[in-house]
Amino acid sequence: MTNEPIDLLISARWIIPVIPEDQVYEDCSVAIDGGNITALLPSAEAKRKYSPRQQVELGNHVLIPGLVNAHGHAAMTLLRGFADDYPLKTWLEEHIWPAEMRWVNEEFVQDGTELAIAEMIRSGTSCFSDMYFFPESSAKAAIQAGMRSQIAFPVFDFPSPWGRGPDEYIHKGLQLRDDYKGRELIRIAFGPHAPYTVSDEPLRKIATYSEELETSVQIHLHETAEEVATSIKQYGVRPIQRLKELEFFSPLTQCVHMTTLDDTDIETIAAFNAQVIHCPQSNLKLASGLCPTAKLLRQGINVALGTDGAASNNDLDMFGELNTATLVAKAVAGDPTVVDAHQALRLATINGARALGWADHIGSIEPGKAADLAAVALGTIETEPLYNPASQLVYTQSGSRVSHVWVNGTVLMAGRQLLTVNEMEVLTKAKLWRRKLVDA
Ligand SMILES: CSC[C@H]1O[C@@H](n2cnc3c(O)ncnc32)[C@H](O)[C@@H]1O
Ligand SMILES: [Zn+2]
């Protein structure tokens, strides 16, 4: 009997497939061919059945789907620690926007996004969503590094280094969408910044384009109580109600933050099957507000996770984010049973994939899906004794123990060595940007 040839066989002490839910498989292997998962089976059987061109043995590791960072501003790594400890409005208007107006250009975005990608891979992320100026530079950096990405191009009422106003932002963004059409690892989405920076007409236009082109829309929404109060003053209604009246919501709408929600807000999001992307660390650091994760999940709403930018987090470690998400969810619900370890992993994997419209391809370890995977070392001082690998992943610090990451079956990091990003070059450029900003 001849063994079946495949590209890659990964064997691990534990595998958490995410779907089916709440499962931990022991001594199993994932067979990968042509970038896709073809089987998940006991290692002993896999070794009899396959003749892999490459084999990876992960003793004492847990293999999981690669994490999905569903919201961020990658190039803001270059502003990490630049303006800490302010509330959102002061942070944006007095610190971040003036710095962006002065410094952001193609090179800034390329260098900052490369730094972000290196950090995300090192902490187990295989897919990220970005919303930033010069999205063509973020797209280029993501493709070069072999990362899967959704690139949401920005839309504002006001000018920025990337555009003069809504029409130009949309025009340039749609051109970018054409440029990347049919590419497997990248999707272009609309990124209207927020209800308080984009007026009715462009929001309506974006909703129409989204429906016609079947293209996702990501927007910051209900980030603070102040945003809600200002909307009531200016428009007579809460931001979610305003967007509903503009026929903005659909399953393609990705609502980022979602604090300060009343029951009507939640009913609206549930009725339109819109996506929620929760960024707990950014919300805590800016004291923006709290997202009622458990309540939203109970209403059948898909909740995914994002780090937000490194200037308001200040890291891009999705393990840190899912840890914070479970703790905050318990505190907000006043109930320690909500958002358990497996649910927290779902928020950062399959729910992220659903939010980005990518659930047919990624978010779980299932035959037919792309081989987007991450391996985390266990058996360390911090993770023994081990009763439950899911618990160790979620409730201890796992980001720095990620050993391998694959996207579409291609290895991006092995034994913590980055293989598609030049670590030294990225560090040198980050230091040069700091010098420039400090010397100005
Ligand atoms: C559309 S380009 C992105 C734009 O958003 C700014 N930004 C970063 N973090 C936040 C946040 O938490 N709320 C609102 N806006 C944010 C970023 O600095 C860019 O200007
Ligand atoms: Zn954001």
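Order of listing sets the numbers, starting from 1, for every ligand and every atom in it.
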> Do you know the tightest heavy-atom contact between M131 and Q218?
Replying inline: CE-O, 3.4 Å

> Run the salt bridge (charged side-chain N to carboxylate O under 4.0 Å, His left out) check on D262 and R238 step by step: do they pass?
Replying inline: CA-CA 10 Å; D262 68 15; R238 297 162 69 78; 3.2 Å; yes

> In Å and rounded to the nearest 0.5 Å, what is the OG to CZ distance from S123 to R401?
Replying inline: 12.5 Å

> If you leave out waters, which protein N, O or S atoms are less than 2.8 Å from the Zn ion (ligand 2)?
Replying inline: H71 NE2, H73 NE2, H220 NE2, D308 OD1

List the atom pairs, with distances to 0.1 Å, where a side-chain N or O of residues 147-167 and a protein N or O form a donor-acceptor pair under 3.5 Å, not counting sequence neighbours.
unit_1, atom_1, unit_2, atom_2, d
R148, NE, D372, OD2, 2.6
R148, NH2, D372, OD1, 3.2
R148, NH2, D372, OD2, 3.3
R148, NH2, N408, OD1, 3.4
Q150, OE1, Q254, NE2, 3.0
Q150, NE2, S129, OG, 2.8
Q150, NE2, Q254, OE1, 2.9
D157, OD1, S199, N, 3.1
D157, OD1, S199, OG, 3.1
D157, OD2, S199, N, 3.0
D157, OD2, S199, OG, 3.1
S160, OG, W162, N, 3.1
S160, OG, Y169, OH, 2.9
W162, NE1, E136, OE1, 3.1
W162, NE1, E136, OE2, 3.3
R164, NE, E168, OE1, 2.8
D167, OD1, K205, NZ, 2.9

> Hey, are the side chains of Y132 and T113 touching, using non-hydrogen atoms and a 4.5 Å cut-off?
Replying inline: no

> What residue among L322, L67, T293, V68 forms side-chain contact (heavy atoms from CB on, under 4.5 Å) with L347?
Replying inline: T293

> For ligand 1, what are the residues with a heavy-atom contact below 4.0 Å?
Replying inline: H73, M76, L88, W91, L92, I96, W97, E100, M131, Y132, F133, P154, F156, H193, Y196, H220, E223, H257, D308

> Sequence neighbours excluded, which residues qualify as side chain to side chain donor-acceptor pair (under 3.5 Å) partners of T324?
Replying inline: Q281

>> I need the I266 CD1 to I240 CD1 distance, nearest 0.5 Å.
In response: 8.5 Å

>> Quick check on H95: does its NE2 atom have over 12 non-hydrogen neighbours (other residues, nucleotides or ligands) under 6.0 Å away?
In response: yes

